[in-house]
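Data block below; observations after.
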Number of protein chains: 2
Amino acid sequence: MSATIKDVAQRAEVSVATVSRVLNNLPGYSEDTKQKVMQAIKELGYQPNAIARGLINKRTQTIGVLFPNVSSSFSSEILHGVEEEAHKHNYSVIVCNTAEDGKRTMKYLQVLREKQVDGIIFSSGVLKEDYYKAMQTMGTPVVLVATKSDYDQVPYVKVDDYQASYDAADYLIRQGHRRVAMIGGSWLDPIAGRPRIEGFRQALKDHGVETRDDLILDGGFSFEGGVAATERLLASVSDVTAVFAAGDEMAIGAISAASRLGISVPEQLSVIGFDNLKLAEMSNPPLTTVSQPLQEMGRLASRKLIAMMESGAPADSEIVPHELIKRRTVCPPS
Amino acid sequence: MSATIKDVAQRAEVSVATVSRVLNNLPGYSEDTKQKVMQAIKELGYQPNAIARGLINKRTQTIGVLFPNVSSSFSSEILHGVEEEAHKHNYSVIVCNTAEDGKRTMKYLQVLREKQVDGIIFSSGVLKEDYYKAMQTMGTPVVLVATKSDYDQVPYVKVDDYQASYDAADYLIRQGHRRVAMIGGSWLDPIAGRPRIEGFRQALKDHGVETRDDLILDGGFSFEGGVAATERLLASVSDVTAVFAAGDEMAIGAISAASRLGISVPEQLSVIGFDNLKLAEMSNPPLTTVSQPLQEMGRLASRKLIAMMESGAPADSEIVPHELIKRRTVCPPS
DNA sequence: CTGAAAGCGCTTACAG
DNA sequence: CTGAAAGCGCTTACAG
């Protein structure tokens, strides 16, 4: 097997304590012995065993990240940011795909505990009480990303969903649209569902535009859902000139559905999305959307978590700015 | 802090050895003491420390996965499969974003070694000699996914790139196209570059279709590259009726470029992609493409790696089947 | 400046 | 069936 600290101590003719000291840049040895030790390390190709180190330090230099779906563009952008920042600070990241249901989350929380991770980033929708309790008993710092919770001990980093949604609707109305629909999430979803619907409604209200319940559909945040909702919408309401989809995939679905129905975007129907995933710019035509800085949010969450882990102090939540990205799917109604 | 095995031993009035036995389902205790131990575990909310366990077992139940870009659809699909299978077998996965250059890879290999991972999945393009050597000295099992190497000790799971490419071109020609272009990778890329170009060429040849070097462009596997290559192509050659893009993002780029030039897909230009990423079905029109079962490849790689780790035996490489997915971007030339 | 020793939380022969 | 002890590869007082 690989060389251990004992082997280098032997070879350098010093004690393991001394080797440990030079390894950790602690004071307490002559330049001479340092050289001997370095030499031995090099000759043996010695690498410290982080496991042994972790056992004694009670720090593993690893964090766990929970996602409902690792392969979604949304999650993987966040993951990218998380990983990047973690790596910069010498932390590794364990990815956990919680799937939709909760069981998997609890299971994962347990393995993260057994593996003694130093911190957790949670992006899996709602932070249920069970999860929160488990995290409490673990005593591990947690930060939420793209979500928030009722527990204000746990900091989050997210966009202002209400305002972002308001801005999207506001933009549509300022372009002249008066009959605008929304394809969103569930009213029961306290993060990406309700707040966005409320922001949408408020914008219409502030502009004196009629808001109708049949103009707000649930697209379940999927492409297929966006397609289906758009078909339903276009079948029942004839004078819609614009739709706000509270997720880019749903927006792309809306464009597909429209195009299949021979309705041209944006000439006959304006579409605005939400997220600004990579696919938004690849869309045909390129999708106008409200951007969430996903990668940056991941980075921020990582940084915040690391600060908590290293200082032991609680951290503040952070609302990151969203931005309207104007591309080619919105124009004034004809 | 959390309870340790000592705490439960005390509470159950047995030795830690006994607790360890029931924890690991080893034989050697009465039903009675088992109950006492279980009870104590429950009361204390005890969870074993995987770090301590790993130190002694020399197994951490974690694997490392290296990707050049975690947030690409391509990588995240693979990651999803890897994670799923790993989790099923009680392994955790550490993600490593190697970025384009090699330095990051070596750095990561080092941390994976220090963290004593049980195995490595490598998806970062070419397995350079440095990487291979480092892996050798680690003595850790490795499997390659969506790539291969000259070292035949290290198994891979991938598609037959040559044949997949051949099939794409063959399909185009059978549809009646006689002037077909390819937007691929670099000839110097031994995995996704050259073999696909060769497969393409051979298909044309076998059908007696003229192959011209100016009809084979490098799109660098990006959307932008696909756009640019298509613009170059369409500016210089007027009679192309079909293009094979060796990556879906490039294919989508081709569609965008064509649409911007007022060329309709597929009526005036057929486009076929490669990969079958999620965005292929979201494309407008939906993209015809050659599918690589990315998630399944991830799962297979994971399974193969776990088999190697647990048996100590080498594993065989595996070529997984590709499939032509016919959607709406290819039709006979008019 | 340096080393012997205890200890992190476990597992595993060994002995009874 | 059960426990005392050694040991995994480190770090960290403590003593000199």
Side-chain angles (χ1 to χ4, degrees), chain A residues 1-38 40-41 44-62 110-111 113-118 138-139, chain B residues 1-38 40-41 44-62 90 110-118 138-139:
Chain A
M1 273 308 287
S2 287
T4 73
I5 197 175
K6 233 170 168 171
D7 299 321
V8 356
Q10 234 153 35
R11 183 168 204 119
E13 300 178 302
V14 297
S15 71
V16 298
T18 297
V19 177
S20 176
R21 287 187 192 102
V22 350
L23 237 33
N24 295 290
N25 273 310
L26 297 175
Y29 43 82
S30 66
E31 181 59 24
D32 199 47
T33 69
K34 174 174 176 176
Q35 290 312 325
K36 278 195 303 182
V37 171
M38 298 294 262
I41 286 174
L44 294 168
Y46 170 75
Q47 305 258 163
N49 180 328
I51 297 300
R53 198 175 255 179
L55 182 57
I56 185 157
N57 290 336
K58 270 123 175 40
R59 311 186 70 259
T60 52
Q61 297 287 124
T62 110
Q110 187 187 323
V111 343
R113 181 178 177 188
E114 292 186 357
K115 295 225 164 122
Q116 316 288 125
V117 298
D118 299 333
M138 289 173 74
Chain B
M1 273 309 285
S2 287
T4 72
I5 198 175
K6 234 171 168 170
D7 299 320
V8 355
Q10 232 152 37
R11 182 167 203 122
E13 299 178 301
V14 298
S15 71
V16 298
T18 298
V19 176
S20 176
R21 286 188 193 101
V22 349
L23 237 32
N24 294 290
N25 273 311
L26 297 174
Y29 44 83
S30 67
E31 181 59 25
D32 200 47
T33 69
K34 174 175 177 176
Q35 290 310 325
K36 279 195 303 183
V37 171
M38 298 294 263
I41 286 175
L44 293 169
Y46 169 75
Q47 305 257 164
N49 180 327
I51 298 299
R53 199 174 255 180
L55 182 56
I56 185 156
N57 290 335
K58 272 124 176 37
R59 309 185 73 258
T60 52
Q61 297 286 124
T62 110
N90 280 105
Q110 186 187 325
V111 346
L112 292 179
R113 180 178 177 187
E114 292 186 357
K115 296 228 163 119
Q116 317 287 129
V117 297
D118 299 332
M138 290 173 72

Are Leu44(A) and Arg11(A) side-chain neighbours, meaning at least one heavy-atom pair lies under 4.5 Å?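 Yes. Closest side-chain heavy atoms under 4.5 Å.
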Can you check whether Ser2(B) reaches Arg113(A) side chain to side chain, under 4.5 Å on heavy atoms?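 The answer is yes; the side chains approach within 4.5 Å.
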Length of the [atom1]-[atom2] vector between [X] and [N], whole Å:
X	N	atom1	atom2	answer
Asn25(B)	dC10(C)	CG	P	16 Å
Lys6(B)	dC10(C)	NZ	C1'	11 Å
Glu13(B)	dG3(D)	CD	P	10 Å

[X] vs [N]: side-chain N/O to OP1/OP2 distance below 4.0 Å:
X	N	result
Arg21(B)	dT2(D)	no
Asn49(A)	dC8(D)	no
Lys58(B)	dG9(D)	yes
Thr4(B)	dC8(C)	no
Arg53(B)	dG9(C)	no
Ser15(B)	dT2(D)	no

Among the candidates dG9(D), dT11(C), dT11(D), find the nucleotide nearest to the side-chain atoms of Ile56(B).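 The nucleotide sitting nearest to the side chain is dT11(C).
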Determine whether Arg53(B) and Asn24(B) satisfy the following criterion, side chain to side chain contact (heavy atoms under 4.5 Å, CB included), listing intermediate values before the conclusion. CA-CA 11 Å; Arg53(B) 199 174 255 180; Asn24(B) 294 290; 3.7 Å; yes
